[in-house]
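Along the sequence shown, residues are numbered consecutively beginning with 1.
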Amino acid sequence: DVQLQASGGGLVQAGGSLRLSCVASGFTFDDYAIGWFRQAPGKEREGVSAFSTADGNKYYADSVKGRFTISSDNAKNTVYLQMNNLKPEDTAVYYCAAESPVWHSGSWFLTYGMDHWGKGTQVTVSS
């Protein structure tokens with residue numbers, strides 16, 4: 001069973017930073033895709049950042065490029081999302097998602113989502 005546990009959300013002022021963590025289990029870290037998605041009240045789910053071993057590249061939504069960074073610590077089965085220069089429009093519930101095995105690029109998964117989802121963590125950015 002794939003399990004994903006996200007944490008690290010909270011309340012921060014605009015311009016501040018947060019780091020989200022996602023501890024993953026139930027799949028091998030040599031053939032997978034993992035990413036972060038978010039959903040704000042009244043809005044559709046949005047892909048924030050994703051990575052796939054199918055192409056090895058990291059992808060970001062245009063709205064977060066240059067501010068957010070996805071990284072992983074395979075020894076800890078953990079993926080991180082470092083969020084800097086946060087803006088009020090970044091306020092949302094953030095979800096970690098994963099899929100294994102994979103054939104698509106991170107860009108594809110950023111658009112279409114993944115098979116397995118964790119519970120979300122709330123990020124609130126005050127102005």
Side-chain angles (χ1 to χ4, degrees):
D1 260 12
V2 175
Q3 294 191 358
L4 303 162
Q5 181 64 51
S7 62
L11 173 63
V12 65
Q13 288 189 334
S17 299
L18 284 174
R19 188 178 78 159
L20 305 183
S21 300
C22 175
V23 180
S25 62
F27 61 90
T28 58
F29 264 58
D30 58 358
D31 184 2
Y32 73 102
I34 199 159
W36 292 93
F37 298 77
R38 67 186 182 186
Q39 188 165 21
K43 294 188 176 181
E44 292 189 355
R45 185 189 69 200
E46 173 190 23
V48 175
S49 181
F51 167 83
S52 170
T53 56
D55 70 339
N57 294 321
K58 299 175 181 178
Y59 294 89
Y60 299 91
D62 287 343
S63 58
V64 307
K65 280 180 183 176
R67 301 188 297 122
F68 290 12
T69 303
I70 190 171
S71 63
S72 65
D73 183 339
N74 288 2
K76 296 181 178 180
N77 285 5
T78 301
V79 175
Y80 304 98
L81 184 70
Q82 178 66 43
M83 306 186 295
N84 297 329
N85 190 21
L86 283 160
K87 303 176 180 180
E89 51 263 43
D90 294 319
T91 295
V93 177
Y94 284 70
Y95 298 90
C96 176
E99 188 162 322
S100 176
V102 295
W103 294 270
H104 298 293
S105 70
S107 176
W108 189 94
F109 286 111
L110 201 62
T111 302
Y112 296 106
M114 301 180 187
D115 283 349
H116 305 285
W117 297 82
K119 293 182 180 179
T121 184
Q122 176 71 46
V123 171
T124 303
V125 185
S126 63
S127 57

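- No side-chain heavy atom of V48 sits under 4.5 Å from any side-chain heavy atom of M83.
- To the nearest 0.5 angstrom, L110 atom CG is 14.0 Å from W36 atom CH2.
- Although no hydrogens or angles enter the test, the distance criterion places no donor-acceptor pair under 3.5 Å between the side chain of S63 and the main chain of A61.
- You'll find the side chain of Q39 stays beyond 4.5 Å of the side chain of Y94, heavy atoms only.
- V23 and V2 are assigned to two separate hydrophobic clusters, defined by single-linkage of ILVMFWY side chains at heavy-atom distances under 4.5 Å.
- The hydrophobic clustering, which links ILVMFWY residues whose side-chain heavy atoms are closer than 4.5 Å, places F37 and L86 apart.
- Of the inter-residue distances, the one linking L81 atom CG with F68 atom CZ reads 6.0 Å to the nearest 0.5 angstrom.
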Let me have the donor-acceptor pairs involving side chains of residues 99-106, under 3.5 Å, with sequence neighbours excluded, atom names and distances please.
| residue | atom | partner | partner atom | Å |
| --- | --- | --- | --- | --- |
| E99 | OE1 | D115 | N | 3.1 |
| S100 | OG | D31 | O | 2.6 |
| S105 | OG | S107 | N | 3.4 |
| S105 | OG | W108 | N | 3.2 |

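- Between R38 and D90 there is a side-chain heavy-atom pair separated by less than 4.5 Å.
- Side-chain contact between C96 and M114: absent, with no pair of heavy atoms (C-beta onward) separated by less than 4.5 Å.
- Y95 and W117 have perpendicular rings, their planes meeting at more than 60° on a 0 to 90° scale where under 30° would count as parallel.
- Summarising the geometry of Y32 relative to S72, their closest heavy-atom pair is OH-OG, 4.2 Å, with the distance given to 0.1 Å.
- Within the 4.5 Å cutoff, side-chain heavy atoms of K87 are placed close to those of R67.
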Without placing hydrogens or testing angles, list every side-chain donor-acceptor pair under 3.5 Å for residues 5-22, not counting sequence neighbours.
| residue | atom | partner | partner atom | Å |
| --- | --- | --- | --- | --- |
| S17 | OG | N84 | OD1 | 2.9 |

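- A heavy-atom distance below 4.5 Å is not found between the side chains of I70 and Y59.
- Taken from CG in L4 to CD1 in I34, the straight-line distance is 6.0 Å, to the nearest 0.5 Å.
- The shortest distance between side-chain heavy atoms of F109 and S52 falls below 4.5 Å.
- With sequence neighbours left out, the side-chain hydrogen bond (donor to acceptor under 3.5 Å, both in side chains) criterion links T111 to no other residue.
- Annotation: side chain of T69 is in contact with side chain of Y60 (closest heavy-atom distance under 4.5 Å).
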